[in-house]
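Worksheet for the structure shown next.
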Amino acid sequence: MNLRDQYGIPKDAVITIAGTVGVGKSTMTNALAQALNFRTSFEKVDTNPYLDKFYADFERWSFHLQIYFLAERFKEQKRIFEYGGGFVQDRSIYEDTGIFAKMHYEKGTMTEVDYETYTNLFDAMVMTPYFPHPDLLIYLEGSLEDILARIETRGRPMEQQTPISYWEEMHGRYENWINSFNTCPVMRLNINDYDILSNGGSVEPIIEKIGYFMKQSRNLRK
Ligand SMILES: Nc1ncnc2c1ncn2[C@@H]1O[C@H](COP(=O)(O)OP(=O)(O)O)[C@@H](O)[C@H]1O
Ligand SMILES: Nc1ncnc2c1ncn2[C@H]1C[C@H](O)[C@@H](COP(=O)(O)O)O1
């Protein structure tokens, strides 16, 4: 029997992976999708026309980048819906507004008018009864130190050149955000509590936990 059936994860489930930059979302997305035989939905970093510019000048490009991400994630949402689920998604749409846009507005690198325009658009597109929310949001968490080490190892120059204070601010905001997030069920995973990269590592304990959370949340909805 495959792991998905073994742990009672529905074929049409949509699982989204949330967490700060560098925590391990893309790696987890690939590992889970492979084990569950699900499709993946990734953020495209290399082809993003604003990301480099944004890191070089937050004030000038933060609005453009948020609009770009919103459009991209919305298109992905449509694709997931058209396939009828069975997806693991790298980063949730909720982090764009709950973390990034809010942080740039509150730190003064997005104007009030731009922030209002963006949040109005986000609310009209996403926070409606017509927008399908994921069955489960897996929140990856770890110490700032471990995450900074991962950003360094991954080696995207634009992120390496960004002051540590930016990642520290984001790390704190993520903790507050997840503590009050209730749009869909949440399963927390500490990055020190699993091993999916080494030879002896296995994704099975995570799948087992996902199965347990899904059963609980589907029972609650009955
Ligand atoms: N479980 C893990 N153990 C060790 N290193 C990891 C693990 N998951 C990810 N990494 C490493 O951390 C870096 C960031 O991972 P990535 O999946 O790209 O993060 P994100 O998508 O959250 O930005 C990469 O260099 C990746 O190889
Ligand atoms: N909504 C966003 N605003 C600003 N920057 C963002 C947003 N979403 C993603 N990003 C950045 C952060 C990273 O540099 C890359 C990719 O994110 P990752 O967490 O590594 O998958 O895009």
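Counting starts at 1 for both ligands and their atoms, in listed order.
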Output yes when the distance from some N or O of ligand 1 to some N or O of [X] is under 3.5 Å, and no in every other case.
| X | value |
| --- | --- |
| Ser26 | yes |
| Asp90 | no |
| Arg154 | yes |
| Gly24 | yes |
| Leu197 | no |
| Tyr194 | no |

Among protein heavy atoms, which sits nearest to atom 14 (C) of ligand 1, and what does the distance come to when rounded to 0.1 Å?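 Closest protein heavy atom to atom 14 (C) of ligand 1: Gly22 O, 3.4 Å.
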Give the residue, atom name and distance (to 0.1 Å) of the protein heavy atom nearest atom 3 (N) of ligand 1.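 Nearest protein contact, heavy atoms only, for atom 3 (N) of ligand 1 is Arg150 NH2, 3.1 Å.
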Are Phe69 and Phe100 close enough that their ring centres sit under 6.0 Å apart?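 No; Phe100 has its ring centre 6.0 Å or more from that of Phe69.
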Ala13 and Asp135: which non-hydrogen atoms are nearest, and at how many Å?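 Heavy atoms only, the tightest pair is CA-OD2, 3.4 Å.
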Looking at Glu175 and Tyr139, what are the two nearest heavy atoms and their distance?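 Closest heavy-atom pair between Glu175 and Tyr139: OE1-OH, 3.6 Å.
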Could you check whether any side-chain N or O of Glu95 sits under 3.5 Å from a backbone N or O of Ser92, counting only pairs where one atom can act as donor and the other as acceptor?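 Answer holds: yes.
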Show me, by chain and number, every protein residue that has a heavy-atom distance under 4.0 Å to ligand 2.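 Answer by chain and number: Val21, Lys25, Glu43, Val45, Leu51, Phe54, Tyr55, Leu65, Gln66, Phe69, Arg73, Arg91, Asp96, Phe100, Arg154, Arg156, Glu159.
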Name the one of Tyr115, Phe63, Tyr118 that satisfies side-chain contact (heavy atoms from CB on, under 4.5 Å) with Tyr105?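 The passing option is Tyr115.
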Pairing of Arg79 and Glu76 as salt bridge, 4.0 angstrom limit: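 Glu76 and Arg79: salt-bridged.
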Just verifying a value: how many Å separate Thr119 OG1 and Met127 CE, rounded to the nearest 0.5 Å?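 Thr119 atom OG1 to Met127 atom CE measures 12.0 Å (nearest 0.5 Å).
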Do Phe213 and Ile210 come within less than 4.5 Å of each other through their side chains, counting heavy atoms only?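 Not in contact.
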Given His104, Arg60, Glu59, the one that forms side-chain hydrogen bond (donor to acceptor under 3.5 Å, both in side chains) with Thr109: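 Per the side-chain hydrogen bond (donor to acceptor under 3.5 Å, both in side chains) rule, the option paired with Thr109 is His104, out of His104, Arg60, Glu59.
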Applying salt bridge (Lys or Arg N to Asp or Glu O under 4.0 Å) between Glu43 and each of Lys25, Arg91, Lys75, report the one that passes.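 With Glu43 as partner, Lys25, Arg91, Lys75 yield a single salt bridge (Lys or Arg N to Asp or Glu O under 4.0 Å), made by Arg91.
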Measuring from atom 17 (O) of ligand 1, which candidate in Asn30, Thr27, Thr20, Val23 has the nearest non-hydrogen atom?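 Shortest heavy-atom distance from atom 17 (O) of ligand 1: Thr27.
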